[in-house]
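Notes follow once the structure below has been shown.
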Protein chains: 2
Amino acid sequence: MTVTLADVAARAQVSPATVSRVLNGNYPVAAATRERVLRAVDDLDYVLNGPASSLAAATSDLVGILVNDIADPFFGIMASAVQSEITGPGGRAGGERMAVVCNTGGSPERELTYLTLLQRQRAAAVVVTGGAIEDAPHAAAIGGKLRRLGDAGSRVVLCGRPPTGAAPDAVALTFDNRGGGRRLTDHLLGLGHRRVGYIAGPTERTTTRHRLEGHQEALAAAGVADDPLLTLHGPYDRRSGYDATLELLRREPRLTAIVAANDTVALGACAALRDRGLSIPGDVSVAGFDDLPFSIDAVPALTTVRLPLHEAGARAGRIAMGREEEPPGGIATVHGELMVRGSTGAPRQH
Amino acid sequence: MTVTLADVAARAQVSPATVSRVLNGNYPVAAATRERVLRAVDDLDYVLNGPASSLAAATSDLVGILVNDIADPFFGIMASAVQSEITGPGGRAGGERMAVVCNTGGSPERELTYLTLLQRQRAAAVVVTGGAIEDAPHAAAIGGKLRRLGDAGSRVVLCGRPPTGAAPDAVALTFDNRGGGRRLTDHLLGLGHRRVGYIAGPTERTTTRHRLEGHQEALAAAGVADDPLLTLHGPYDRRSGYDATLELLRREPRLTAIVAANDTVALGACAALRDRGLSIPGDVSVAGFDDLPFSIDAVPALTTVRLPLHEAGARAGRIAMGREEEPPGGIATVHGELMVRGSTGAPRQH
DNA sequence: CGAGGCGTAGCAAGCGCTTTCTACTGGGGA
DNA sequence: TCCCCAGTAGAAAGCGCTTGCTACGCCTCG
């Protein structure tokens, strides 16, 4: 049957306790004994029983990463960065921790389910990425869950999500979506655009609201009226950008610029414009958000706001592992950088 | 302190055994008793201890997914698909299984480490994606590990990787990389191209070799000499495509087409051509592989081979959960579909 | 020469759950 | 009326590991 610690102990002629200590390396063991034990481990092809070990030690080496959609590079990049920092010393046997990437699909129910699952596994840490749902009951439920996770000893880090009042000891690395949105629209207004369409993300999400608010702030500051007909909501996908662009064109033929909720949506917008025979930025300028890797390969290259996804994820990972100090107050704002490229230009003259 | 089964039992005035049975739902419990137990669970905010439960039951609800790079949509899409099928009935408490996505970075050492970690956790199943390393010792080590995982009760599914002799009971869903490569180059040759550059992936990987072999097969079938100077190797990234394209142009100014190892590499190639002032496909045709979502948004849209990543991942997930029959012989080949788009055309006339 | 330490190793008590086996009920058939 | 069985609940034995405490040398210092 399966080899247990006791088998190894027997073969090495030591007690199980000694084997455990050799494996965990947190207690002095004579070199000769250690050798003998390690050889026995090797001979028997022994693999530690994780659950048993977690139970006895009341800790686990699982780190949960919650993402909306792992197929979206926005989340993939963050998840990858978190994971790259998850490993390393300070841990238990092997020093390796496992990252559990959980796909919530943006649904608060699934988010809650996964948090419970992670709590069940006594996860060492949990990193929650992506914007939050702005629904009071859900927010409270998730906040409560996060607090309980924290109480149970898991370190909780929010990455790209505003802090939750309900989970005071969770560290939050928040993206400056509002500021980014503001700068993007400022840029377009500066070029002379006045009729700017906005393709927002799904309603009820903090990310969507903040980016949109930045846009509106810029309009207000420039004294440009915010025509509600020029703002459309939809999911964060290409299709939404495509459809919304056609709709915007229908509503406002004099449109000279489109700001999209993110780069993927922007690509959809570009496709729609091309299909309509409009040139970018000659007829209509387009801007995205996030600066995902493919944005630079769009033709023309996409003007967008670069979010340091990798850096933010890595930092979240380090904080989750206790390898980096928490920001003061447990909150840090991560700023985006405006990347002006070919997809935006001065509006055509009438 | 933390609430345990016993606490719930006490509050519901039943034995711990009964609580366990209510939670697992695999033993008759009178409705009234169940009610009482569930209320107690709710009142106390009880969360099952995963490690303890896994230890006692000798199973776990973890499913491992090994990927080379989670930030790459190629893997993100598959991981997402696997995960979408991982959930559901047939499982234990809650019926929810957790997908553990492990980033190996393509390194066999990390691959091995993660497999050990999964073995440690007594994973219910393991899905390994991406091509294999063609290094005998490593292949043997990984094969052996997979076999032992299988012996220990984990279901093992390879997705997009050729079967391993060392792990006979692992199911393999293999991509027809050779056939896809063949069709892609056939298409180019059919258009009249004769000087075709090939930007391959890293050496020593099955994916790289198979795609390249398909290309060479097509050349041979058409009686076109395979000039070794026109094949370059590099990583699966944009940079590699960019650099290799410049090098190809240097080596062979009469080049009229470039086949890239995958879409990302192809995008790099396009960027290099644009920077050189060459038009696509007027001066040089470009083709990719995989048909990742952004490929259609390239300008011109990329000719490529569509791999049904989502379908394959979903199928792998279902097989891993025992919800779909294994293919005969444990091996199935997944074919790609040639997507002819704007980036390829007839070569310019000299 | 004896006492106190230090360096190692073992004992044994759990960690919180699952599950087998046993026990108790009430109802129906002989 | 008695027995047996179906239905339900409990007792208790682990699952394989960690770790506090104890034990045993042997060395060094007084």
Side-chain angles (χ1 to χ4, degrees), chain A residues 1-38 40-41 44-61 91-94 117 119-122 124 152-153, chain B residues 1-38 40-41 44-61 91-94 117 119-122 124 152-153:
Chain A
M1 275 304 296
T2 60
V3 182
T4 71
L5 240 211
D7 299 333
V8 176
R11 180 172 242 268
Q13 315 220 54
V14 296
S15 73
T18 301
V19 177
S20 169
R21 300 203 257 245
V22 168
L23 261 26
N24 287 297
N26 50 13
Y27 191 89
V29 173
T33 315
R34 178 198 316 286
E35 278 307 297
R36 210 143 28 92
V37 169
L38 289 179
V41 165
L44 296 170
D45 231 349
Y46 171 68
V47 174
L48 195 65
N49 182 317
S53 149
S54 293
L55 171 59
T59 66
S60 100
D61 37 17
R92 297 186 19 277
L117 244 34
Q119 188 181 355
R120 209 177 260 190
Q121 298 299 332
R122 307 300 188 250
Chain B
M1 275 306 297
T2 60
V3 182
T4 70
L5 239 210
D7 300 332
V8 176
R11 181 172 241 268
Q13 313 219 59
V14 297
S15 73
T18 301
V19 178
S20 170
R21 299 202 258 244
V22 168
L23 262 25
N24 287 297
N26 49 15
Y27 191 89
V29 173
T33 315
R34 177 198 316 287
E35 277 308 297
R36 208 142 31 89
V37 169
L38 289 179
V41 165
L44 295 170
D45 230 351
Y46 171 68
V47 174
L48 196 66
N49 182 318
S53 146
S54 293
L55 171 58
T59 66
S60 101
D61 37 17
R92 296 183 21 278
L117 244 35
Q119 187 180 356
R120 209 177 261 189
Q121 299 299 333
R122 308 297 189 251

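Sequence lines set the chain letters: A, B, ... in the order given, protein chains first and strands last, and positions in each chain run from 1.
With A:V41 as reference, A:V8 is the one residue of A:V8, A:L5, A:V3 to meet the side chain to side chain contact (heavy atoms under 4.5 Å, CB included) rule. Put simply, the residue from A:N24, A:T59, A:L48 that forms a side chain to side chain contact (heavy atoms under 4.5 Å, CB included) with A:S53 is A:L48.
Each of B:V29 and A:A6 lies near DNA chain D, and the nucleotide nearest B:V29 is the one positioned closer to the 5' end.
Counting only distance, with no hydrogens or angles, the side chain of A:R122 and the backbone of A:S60 share no donor-acceptor pair below 3.5 Å.
Here A:T33 reaches the OP1 or OP2 of C:dA9: one of its side-chain N or O atoms lies under 4.0 Å away. Using a 4.0 Å cut-off, some side-chain N or O of A:S20 falls inside it from OP1 or OP2 of D:dT18.
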message: I'd like to compare against my own output: the B/S/- annotation of nucleotides 10-16 of chain C with a strict under-4.0 Å heavy-atom distance to protein.
response: BB--BBB
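Closest approach of B:R21 to B:V29, counting heavy atoms only: CB-CG2, 4.0 Å.
Rounding to whole angstrom units, CZ of residue A:R34 and C1' of C:dG7 are separated by 13 Å.
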Which atom pairs, one a donor and one an acceptor, fall under 3.5 Å between side chains of residues 10-19 of chain B and the rest of the protein, sequence neighbours left out?
from	atom 1	to	atom 2	distance (Å)
B:R11	NH1	B:D43	OD2	2.6
B:S15	OG	B:A17	N	3.4
B:S15	OG	B:T18	N	3.4
B:S15	OG	B:T18	OG1	3.3

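Within the 4.5 Å cutoff, the side chain of B:V22 has no heavy atoms near those of the B:T33 side chain.
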